[in-house]
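Before any comments, here is the structure.
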Amino acid sequence: MTTSRIAFIGAGNMAKAIISGLLAEGYPDAQISAAGPRMETLNKVAQEFGIAVSTDNAATAARADVVVLAVKPQMLKEVALALRASLTHKPLIISVAAGITTASIANWLGENQSIVRCMPNTPSQLRAGASGVYANKFVSDAQKSTASAILGAVGIVQWLDDETLLNPVTAVSGSGPAYFFLLMEAMIDAGVELGLTRECAAELTVQTALGAAMLARESEYDVAELRRRVTSPKGTTEQAILSFEQDNLRASVLKAMQACSNRAVELSELLGK
Ligand SMILES: NC(=O)c1ccc[n+]([C@@H]2O[C@H](COP(=O)([O-])OP(=O)(O)OC[C@H]3O[C@@H](n4cnc5c(N)ncnc54)[C@H](OP(=O)(O)O)[C@@H]3O)[C@@H](O)[C@H]2O)c1
């Protein structure tokens, strides 16, 4: 992996997840720094990771080859406008802020900046994330490789050649963990209804979700075939699947994900002003 100097602007959950992933992959701590408004947060980060920290966003960004914008979306405009003057050396900018377009970021930071926009998800905290990533036209192939290496430290990376596809990515992987949590909640409640203790139902449900995801990831078969293989004719699973299909589970999932993607578009327009 490249050893560019990486500056994190914002040292919260997502920044810490990426820093932790980079260090686990052997990235030199001396090449990583982080900036934020409160020394209390920064001291904890410095202690945990052994990296340089500062309350001066601009000075931190000015020294970096890669600047990762890891503040809350509603903070990004203010933070980016204040960084503008310190980015004349044209570092690679990586934004993990949900919903904010590269055009909005370029508006605030200055034109001709190389900007990569990433939509990560919460399992990044366990290095099991899934990110959709888009690069604007100023990002070189070498910078794309750098971004892949940095974001790949917390999970898989899917490059997109159309920025609007980050809205469906939000509907699939960005918000996706919550759908699985909801299904697990419903399965645990149903297990209790059928007579199991809550603890037993929860243990079995979570392990089943993990095992199913691992099978889906590792198997030579796609998920439809995996489902068919556990659904014997006239067997128990078939009864459950038939019930889901009769209740239009697929249509319900599509409707939910369309609503999610539409909301991503609305929020993007709102936050990008
Ligand atoms: N967490 C996830 O799994 C996840 C998933 C998808 C997308 N994202 C995106 O990642 C970004 C960060 O999310 P997060 O979960 O990491 O949030 P977070 O834990 O709240 O972290 C945000 C950080 O920004 C810092 N900050 C606030 N004002 C700042 C300023 N003016 N300059 C520099 N830093 C400032 C905060 O510092 P203090 O703590 O000192 O206030 C905090 O450490 C968001 O844009 C979000 O959309 C996160």
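Indexing begins at 1, ligand by ligand and atom by atom, following the structure's order. None of the values given here were measured: they were computed from a predicted structure.
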Which atoms of ligand 1 are found less than 4.0 Å from any heavy atom of [X]?
X      : result
Gln125 : 1 (N), 3 (O)
Gly36  : 33 (C), 34 (N)
Gly10  : 24 (O), 25 (C), 33 (C), 34 (N)
Pro73  : 44 (C), 45 (O), 47 (O)

Distance from [atom] to nearest protein heavy atom, with residue and atom:
atom                    : result
atom 31 (N) of ligand 1 : Val79 CG2, 3.4 Å
atom 44 (C) of ligand 1 : Val71 O, 3.2 Å
atom 28 (N) of ligand 1 : Met75 CE, 3.6 Å
atom 22 (C) of ligand 1 : Ala70 O, 3.7 Å
atom 41 (O) of ligand 1 : Arg38 NE, 3.5 Å
atom 32 (N) of ligand 1 : Asn57 ND2, 2.9 Å
atom 35 (C) of ligand 1 : Pro37 CD, 3.3 Å
atom 47 (O) of ligand 1 : Ala98 N, 3.0 Å

**Prompt:** What pairs with Ser114 under side-chain hydrogen bond (donor to acceptor under 3.5 Å, both in side chains), at least two apart in sequence or on another chain?
**Reply:** Gln143

Are [X] and [Y] close enough that some pair of their side-chain heavy atoms sits under 4.5 Å apart?
X      : Y      : answer
Met14  : Thr122 : no
Ile6   : Gln31  : no
Met119 : Ser173 : no

**Asked** Got a second to check how far Gln239's CD is from Thr236's OG1, nearest 0.5 Å?
**Response**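 One gets 8.5 Å once the value is rounded to the nearest 0.5 Å.
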
Check: [X] side chain, [Y] main-chain N or O, donor-acceptor pair, under 3.5 Å:
X      : Y      : result
His89  : Arg63  : no
Ser261 : Gln258 : no
Arg117 : Ile100 : yes

**Asked** For ligand 1, is Ala11 a contact, meaning one of its heavy atoms is under 4.0 Å away?
**Response** yes

**Request:** Look only at interatomic distance and state if Ile9 has a nitrogen or oxygen under 3.5 Å from any nitrogen or oxygen of ligand 1.
**Result:** no

**Asked** For Pro120, is at least one N or O under 3.5 Å away from an N or O on ligand 1?
**Response**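 No - when backbone and side-chain N and O of Pro120 are compared with those of ligand 1, no distance drops under 3.5 Å.
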
**Prompt:** What residues join Met214 in its hydrophobic cluster, counting side-chain heavy atom gaps under 4.5 Å, either direct or through other members?
**Reply:** Leu210

**Request:** For ligand 1, indicate whether the residue Val96 contacts it via side chain, backbone, both or neither (heavy-atom separation under 4.0 Å).
**Result:** both

**Message:** Looking only at the side chains, is there a donor atom on one of Thr164 and Asp162 sitting less than 3.5 Å from an acceptor on the other?
**Reply:**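 Yes - a donor-acceptor pair under 3.5 Å links their side chains.
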
